[in-house]
Chemist: 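One structure, pasted below without further comment.
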Amino acid sequence: MVRVTRDDVARVAGTSTAVVSYVINDGPRPVAAATRARVLAAVEELGYRPNRVAQAMARRRTNLIGMVVPDARQPFFAGLAHMVEQAAAERGRLLLIGNSDYADEREAHYIRAFLGMQVDGLILVTQDPSVPGVAGVETTDGTPVVLLHHRAETESGAAVVADDDGGARAMVRHLLGHGHAGVHCFGGTFALSPNDPVTARTAGWAAALADAGLPTDGRLTPAPFDRVRAHAEALALLARPDRPSAVFCATDDQAIGLLRAADDLGIRVPEDLAVAGFDDIAEAVIAGPPLTTVATAQDAMARAAVDLVLTAKANEEPVPAGAHTFPARMVIRRSCGCPART
C-alpha cells in the first residue's frame with residue numbers, strides 16, 4: 001500500500017501543505033473553519049496518519065517515557081508499572097515497559113532501545129544501579145533518569161524510594177510485642193546491592209532485634225522473590241524441629257508462599273505462627289489469613305518519578321540528585337495475631 005503523504009492531503013483539500021500542518025498540529029497559525037473542514041475531510045478520505053514519532057523526534061520531545069522493571073508478572077511490579085502508566089497518561093505521555101528478568105544485559109538492552117527511541121525520560125526499577133546499562137546513562141546521553149524503588153549508587157543519582165528500613169523496624173517491633181522470643185526473616189535470594197530495598201528491610205529487621213537485645217544468628221533465610229519458589233523454601237524452613245514462631249518476610253509474595261507452606265504442613269496462622277510481609281499488594285487482603293504487612297506510598301512515588309523526569313526534560317537540566325523518600329506504614333490484619341483492623 002502506497003503511503004499517504006501530507007502533499008496528498010493538500011492536493012485533495014485544495015490548499016497548501018503548510019495549512020494541512022496547521023490543522024493537524026492545531027497551530028501555530030489559525031485556519032478558517034471552512035478550510036479546516038476540507039482538510040479534515042481529505043484526511044478521512046485518504047486515511048492519512050501523521051508520523052507522530054518522526055515529528056516528535058524532530059522537535060526533540062517524543063512524549064514517551066521508558067520504564068524497566070525486573071518482572072511485570074510479579075504483582076508488586078505490575079501494580080507499580082500501572083501507577084506509573086496512569087501518572088504518565090495524566091501528563092499526556094505514553095509509557096514503554098521492558099522486563100529485565102533480573103538480567104543485567106537484558107536491562108541494558110532495554111535502556112539502549114529506549115534511548116534510541118529518544119524517550120523524554122527513563123524510570124528504572126533496577127536490581128543493581130551499578131550495572132553498565134544504568135551507570136553513566138544520564139551523563140552519556142542527557143536523558144533524565146530516575147530510579148524507582150531502588151536507591152542510587154552514586155550521590156549524583158536520583159531515586160524515589162520508600163522508608164524500607166523504618167517500615168521493617170516497626171513491623172518487627174510489632175511482632176515482638178506479641179511475646180515472641182525472636183522473629184525470623186525470610187529475605188533475599190542472593191548477594192543484593194547495598195542499595196536494594198530488600199537489603200534495607202533486612203537491616204531494619206536486624207536493628208529491631210538488636211534494640212530488643214536479641215541475636216540474628218540463624219534467623220535469616222534467603223528466599224526467592226516469587227511466591228511459587230518461596231513456597232518451596234518455606235516448606236523446608238517450617239518443617240524444621242526448631243521452626244520459628246514469627247516470620248517477617250521481605251516481600252508479600254514471599255509471605256504468601258510461606259502462608260501456603262504453613263497450610264500444607266498443618267501449621268495454624270496466627271495461632272502457631274505469626275507472619276508479616278512488606279509491600280501491601282492487592283492479594284494481601286485475601287490471603288489466608290489476611291496478611292499483616294507494610295504499605296508504601298506507591299501511587300505518590302510513581303507520580304513523583306514521572307514529575308521528576310518530565311520537569312528535568314522541560315527545563316533541560318539534570319534530575320535533582322539524592323533519595324526522595326516516602327514513608328511506610330503498617331497495615332494490621334490477622335496473620336500477625338491481632339484482631340483485624342484498618
Side-chain angles (χ1 to χ4, degrees), residues 69-81 99-103 125 127-128 149-150 162 164 167-168 171-172 175 180 182-193 196-206 216 218-270 272-296 298 328 331 333-336:
V69 298
D71 186 355
R73 294 171 299 181
Q74 291 182 234
F76 173 77
F77 295 124
L80 192 59
N99 287 272
S100 70
D101 291 331
Y102 293 99
V125 186
Q127 67 271 13
D128 187 350
H149 181 60
H150 200 303
D164 296 292
M171 183 56 73
V172 174
L175 291 173
H180 297 283
V183 175
H184 201 89
C185 181
F186 215 43
T189 56
F190 42 78
L192 297 171
S193 159
D196 191 281
V198 170
T199 301
R201 295 171 190 181
T202 303
W205 159 78
T216 58
R219 288 177 168 163
L220 173 62
T221 296
F225 292 125
D226 70 275
R227 64 188 67 179
V228 175
R229 292 187 299 154
H231 166 261
E233 195 67 41
L235 284 173
L237 171 65
L238 298 182
R240 288 169 22 181
D242 61 340
R243 67 169 173 82
S245 64
V247 178
F248 166 69
C249 300
T251 71
D252 283 352
D253 271 315
Q254 292 171 317
I256 289 172
L258 186 115
L259 288 175
R260 176 56 189 268
D263 184 66
D264 290 344
L265 296 173
I267 298 171
R268 299 173 302 164
V269 177
D272 304 323
L273 174 68
V275 179
F278 205 117
D279 288 329
D280 195 29
I281 63 175
E283 292 92 333
V285 73
I286 60 171
L291 180 64
T292 289
T293 185
V294 178
T296 57
Q298 294 176 32
V331 179
R333 300 190 180 103
R334 288 198 296 109
S335 68
C336 65

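Just so you know, residue 1 is the first one in the sequence shown, and it goes up from there.
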Chemist: Give every donor-acceptor pair under 3.5 Å between a side-chain atom in residues 275-288 and any protein atom, sequence neighbours left out.
Modeler:
from	atom 1	to	atom 2	distance (Å)
D279	OD1	R201	NH1	3.3
D279	OD1	R201	NH2	3.0
D280	OD1	R333	NH1	3.2
D280	OD1	R333	NH2	3.0

Chemist: Considering residues at least two apart in sequence or located in another chain, which fulfil the salt bridge (Lys or Arg N to Asp or Glu O under 4.0 Å) criterion with D71?
Modeler: R73
Chemist: Could you go through F77 and N99, starting from their C-alpha distance and side-chain angles, then the distance that decides it, and tell me whether this counts as side chain to side chain contact (heavy atoms under 4.5 Å, CB included)?
Modeler: CA-CA 10 Å; F77 295 124; N99 287 272; over 6 Å; no
Chemist: Which atoms form the tightest heavy-atom contact between L273 and A246, and what is the distance?
Modeler: CD1-N, 4.0 Å
Chemist: What pairs of residues pass the salt bridge (Lys or Arg N to Asp or Glu O under 4.0 Å) test when at least one of them lies in residues 243-259, not counting sequence neighbours?
Modeler: R227-D253
Chemist: For residues A274 and C336, report the shortest heavy-atom separation together with the two atoms involved.
Modeler: CB-O, 3.7 Å
Chemist: Between T292 and V331, is a side chain to side chain contact (heavy atoms under 4.5 Å, CB included) present by the stated rule, with each step listed?
Modeler: CA-CA 6 Å; T292 289; V331 179; over 6 Å; no
Chemist: I need the minimum non-hydrogen distance between D196 and V198, along with the two atoms involved.
Modeler: OD1-N, 2.8 Å
Chemist: Could you pull out all residues at least two apart from H149 that satisfy side-chain hydrogen bond (donor to acceptor under 3.5 Å, both in side chains)?
Modeler: none
Chemist: Between atom OG of S245 and atom NE2 of H184, what is the distance when rounded to the nearest 0.5 Å?
Modeler: 11.5 Å
Chemist: Are the side chains of T251 and F186 in contact, using a 4.5 Å heavy-atom criterion?
Modeler: no
Chemist: Which is it for D263 and R268 under the side chain to side chain contact (heavy atoms under 4.5 Å, CB included) test, yes or no, and what are the steps along the way?
Modeler: CA-CA 7 Å; D263 184 66; R268 299 173 302 164; over 6 Å; no
Chemist: What distance separates D164 CG from T296 OG1, expressed to the nearest 0.5 Å?
Modeler: 7.5 Å
Chemist: Any idea which heavy atoms bring Q254 and G187 closest together, and the distance?
Modeler: NE2-O, 2.7 Å
Chemist: For side chain to side chain contact (heavy atoms under 4.5 Å, CB included), just list the numbers for C185 and T221, CA-CA rounded to whole Å, side-chain angles, deciding distance to a tenth of an Å, and then say yes or no.
Modeler: CA-CA 6 Å; C185 181; T221 296; over 6 Å; no
Chemist: Rounded to the nearest 0.5 Å, what's the gap from SG on C249 to CG on L291? Could you check?
Modeler: 7.5 Å
Chemist: Check whether any side-chain heavy atom of V247 lies under 4.5 Å from a side-chain heavy atom of V183, and answer yes or no.
Modeler: no
Chemist: Working to the nearest 0.5 Å, report the span between CZ of F225 and CZ of F76.
Modeler: 11.5 Å
Chemist: For R219, I'd like to know if atom CZ has over 12 heavy atoms of other residues, nucleotides or ligands within 6.0 Å.
Modeler: yes
Chemist: Which pair of non-hydrogen atoms, one from A328 and one from G167, has the smallest distance, and what is that distance?
Modeler: CB-CA, 4.1 Å
Chemist: side-chain contact (heavy atoms from CB on, under 4.5 Å) with P289: which residues, sequence neighbours excluded?
Modeler: L259, V269, R334, S335
Chemist: Which atom pairs, donor and acceptor, lie under 3.5 Å between side-chain atoms of residues 230-240 and protein residues at least two apart or in another chain?
Modeler:
from	atom 1	to	atom 2	distance (Å)
H231	NE2	D264	OD2	2.7
R240	NE	D242	OD1	3.1

